[in-house]
Amino acid sequence: MRQRRRTVLRSTMALGSAALMGRARPERAGAEQRRPTPGGLTLQWLGVAGWELRFGDTRLLFDPYLSRMPYADADGALDPALPLRLDPKAVAAVAERALAGPPALILVSHGHFDHLADVPQLLAHPDWAGHRIRTLCDETSDHLLTAMGTPEHRLADVIRVRGGEQLRFPGLTVEVLRSLHSQFADHGYFAPGTHVGRPRAPRTLGDLVEGRTLAYQVTFDDGPSVYLSGTSNLAERELTGLRPDIAVVGMTSHSAVHRYPERLLAALGDPPLLLPSHHDDMVSPLIPPAGAAGAAGAAGAAGTAGAAGTTGADRSAAAHALDRAAGARGTQTTRVLDPVPLRPFTATGPAGT
């Protein structure tokens with residue numbers, strides 16, 4: 001049975017300084033550093049499709065990709081023949097300086113480089129030794145993790161999922177949802193394919209094939225439920241009856257997907273909070289080198305934390321698109337928060353039933 005939405009965020013919600021409740025002056029999420037409110041869910045965008053979620057003592061990661069390697073050819077098109085150029089220093093810097101600590105879970109949506117490539121290094125992070133980390137992914141991603149040299153004891157803690165599972169862990173429940181990958185304007189897919197055995201070690205972006213695309217709903221005990229998607233597409237019937245408090249919405253190009261944002265909001269019952277994701281430039285460093293200014297994709301990804309329909313010079317096109325989708329549906333309760341990479345913010349509210 002589907003989890004019905006609780007009233008955690010429906011009745012009231014604070015995001016940092018409560019900007020989502022219609023303040024006249026919009027503020028950036030995470031612009032002010034505050035101690036998390038007890039019982040609140042802290043979220044941190046890691047750039048691309050990656051997120052860190054913290055609720056009490058429970059931490060999890062979704063699609064943590066931190067290397068931000070070159071991915072485009074001379075014309076700006078995604079090039080599967082480009083070499084994998086992992087950035088161990090960048091991954092270690094974010095893990096040590098931005099993440100809250102070892103996660104209990106890492107959720108992987110599919111096998112592409114910008115979702116899976118850095119999971120092996122994170123699982124081998126020396127500061128996380130001695131902490132059990134369960135990784136949820138499909139069979140293809142499991143084989144790719146093996147091919148990329150993930151430590152054996154971490155591979156033993158991989159949970160292969162297919163979609164349809166409802167898995168119980170301490171402090172939370174994870175529902176695994178079958179989903180679809182984003183599509184090019186001509187309706188094609190990047191690097192499709194599956195593995196039923198260990199492949200050779202990946203050398204190019206295209207060697208990290210999609211496998212089975214999944215989405216997740218995470219429901220925290222006495223806390224909110226969060227829908228997590230790493231792509232700009234959906235398997236609509238999979239979401240029927242799902243009512244998350246928060247939806248992380250992939251917002252890469254979706255011109256080939258009919259009414260994507262509107263259909264997603266309708267399927268999810270107009271969640272109170274929408275977070276655009278996977279809409280930055282994918283290459284600007286999350287932590288700039290010494291002497292450099294700015295944060296990851298600041299020109300293309302930073303935004304304000306304002307009510308739906310809020311305008312601003314720095315609000316992203318993805319947030320505007322979700323504003324329009326929510327407005328077209330006539331909902332008065334859905335708000336769009338435009339996150340800034342590595343600036344955590346806390347959603348709080350009274351627990352409901």
Seminar exercise, completed: When every non-hydrogen atom of Ala49 is compared with those of Ser277, the smallest separation belongs to CA-OG, 3.6 Å
Exercise. When you measure from the side chain of Ser179 to the backbone N and O of Leu234, does any donor-acceptor pair fall under 3.5 Å?
Worked result: no
For this session: State the CD1-CG distance between Ile133 and Leu61, to the nearest 0.5 angstrom.
Result: 8.0 Å
Seminar exercise, completed: Minimal heavy-atom distance between Pro339 and Phe345, with the atoms involved, is CB-CE2, 4.3 Å
For this session: Go through the steps for Val48 and Leu66 under the test side-chain contact (heavy atoms from CB on, under 4.5 Å), then give the verdict.
Result: CA-CA 8 Å; Val48 194; Leu66 310 171; over 6 Å; no
Exercise. Between the main-chain N or O of Arg315 and the side-chain N or O of Asp338, is there a donor-acceptor pair closer than 3.5 Å?
Worked result: no
Exercise. Is any side-chain heavy atom of His143 closer than 4.5 Å to a side-chain heavy atom of Arg160?
Worked result: yes
Exercise. Is it the case that one hydrophobic cluster holds both Leu228 and Ile159, taking links as side-chain heavy atoms less than 4.5 Å apart, direct or via other members?
Worked result: yes
For this session: May I ask you to check whether Trp45 and His278 place their ring centers less than 6.0 Å from one another?
Result: no
Problem set entry | Trace of the side-chain contact (heavy atoms from CB on, under 4.5 Å) decision for Thr346 with Leu41 | CA-CA 5 Å; Thr346 301; Leu41 170 65; 6.0 Å; no
Exercise. How long is the gap from CG on Leu180 to OH on Tyr260, to the nearest 0.5 Å?
Worked result: 11.0 Å
For this session: Measure the acute angle between the ring planes of Phe113 and Phe190, then classify it against the limits of 30° and 60° as parallel, tilted or perpendicular.
Result: perpendicular
Problem set entry | Smallest separation among heavy atoms of Met148 and Ala117, with atom names | CE-O, 3.3 Å
Exercise. Counting only N and O atoms by type, is there a donor-acceptor contact under 3.5 Å from the side chain of Glu238 to the main-chain atoms of Glu236?
Worked result: no
For this session: Please confirm whether the backbone N or O of Ala326 pairs with a side-chain atom of Thr331, one donor and one acceptor, at under 3.5 Å?
Result: no
Exercise. Any ion pair linking Arg54 and Glu52 (charged N to carboxylate O, less than 4.0 Å)?
Worked result: yes
Exercise. What distance separates Met251 CE from Ser232 OG, expressed to the nearest 0.5 Å?
Worked result: 6.5 Å
Exercise. With no hydrogens and no angle check, is any side-chain donor or acceptor of Ser67 less than 3.5 Å from a backbone partner on Asp87?
Worked result: yes
For this session: Mind running side-chain contact (heavy atoms from CB on, under 4.5 Å) on Leu60 and Leu172 for me, showing each step along the way?
Result: CA-CA 10 Å; Leu60 65 86; Leu172 59 90; 4.2 Å; yes
Exercise. When clusters are formed by joining ILVMFWY residues with side-chain heavy atoms under 4.5 Å apart, either directly or through shared neighbours, do Leu86 and Leu78 land in the same one?
Worked result: yes
For this session: State plainly whether the residues Asp118 and Arg68 are in salt-bridge range, i.e. N to O under 4.0 Å.
Result: no
For this session: Tell me, yes or no, whether the heavy-atom count around Arg168 atom CZ, taken from other residues, nucleotides or ligands under 6.0 Å, exceeds 12.
Result: yes
Exercise. Got a donor-acceptor contact below 3.5 angstrom from the His254 side chain to the Thr252 backbone?
Worked result: yes
Seminar exercise, completed: Paired with Leu214, the side-chain contact (heavy atoms from CB on, under 4.5 Å) test is passed by just one of Leu177, Leu136, Val161, namely Val161
Exercise. Side-chain donor-acceptor pair under 3.5 Å between Asp270 and Thr334, yes or no?
Worked result: no
For this session: Taking the side chain as every heavy atom from C-beta outward, state whether Leu116 and His110 have any atom pair closer than 4.5 Å.
Result: no
Exercise. Can you pull the side chain to side chain donor-acceptor pair (under 3.5 Å) pairs that have at least one residue in residues 204-214, sequence neighbours excluded?
Worked result: Arg200-Asp207, Thr204-Asp207, Glu210-Thr213
Seminar exercise, completed: Shortest non-hydrogen pair, His187 vs Ala256, comes out as CD2-CB, 3.6 Å
For this session: Mind jotting down which residue pairs meet the side chain to side chain donor-acceptor pair (under 3.5 Å) criterion with at least one end in residues 127-137? Sequence neighbours excluded, please.
Result: Arg132-Asp157
Seminar exercise, completed: When rounded to the nearest 0.5 Å, the distance separating CZ of Phe220 from OG1 of Thr58 is 7.0 Å
Exercise. Under a 4.0 Å N-O cut-off, is there an ion pair linking Arg162 with Asp138?
Worked result: no
Problem set entry | Note, Pro272 side chain near Ile246 side chain (heavy atom, < 4.5 Å) | no
Exercise. Nearest heavy-atom pair of Ser225 and Pro244: which atoms, and what distance?
Worked result: OG-CA, 3.2 Å
Problem set entry | Side-chain heavy atoms of Pro276 within contact of Val336, under 4.5 Å | yes
Seminar exercise, completed: For Leu208 and Gly111, the nearest pair of non-hydrogen atoms, with its separation, is CB-O, 3.3 Å
For this session: Go through the steps to decide whether Gln217 and Val226 satisfy the test side-chain contact (heavy atoms from CB on, under 4.5 Å), and finish with yes or no.
Result: CA-CA 5 Å; Gln217 175 161 292; Val226 185; over 6 Å; no
For this session: Could you tell me the separation between the CZ atom of Arg59 and the CG atom of Leu105, rounded to the nearest 0.5 Å?
Result: 11.5 Å
Exercise. Any side-chain heavy atom of His258 sitting closer than 4.5 Å to one from Arg263?
Worked result: yes
For this session: Without swapping roles, check the side chain of Asp75 against the backbone of Ala77 for a donor-acceptor pair under 3.5 Å.
Result: no
For this session: Assign the ring pair His112 / His115 to parallel, tilted or perpendicular, where the plane angle (0 to 90°) is split at 30° and 60°.
Result: tilted
Exercise. Within a strict 4.5 Å, meaning less than it, do heavy atoms of the Ser109 and Phe62 side chains meet?
Worked result: yes
Seminar exercise, completed: Rounded to the nearest 0.5 angstrom, the CD-CG distance for Glu139 and Leu144 is 10.5 Å
Problem set entry | same_hphob_cluster(Val209, Val158) at 4.5 Å side-chain heavy-atom cutoff | no
Exercise. Does a side-chain heavy-atom distance below 4.5 Å link Leu46 with Gln44?
Worked result: yes
Exercise. Hey, does Leu84 have a side-chain heavy atom less than 4.5 Å from the side chain of Arg203?
Worked result: no
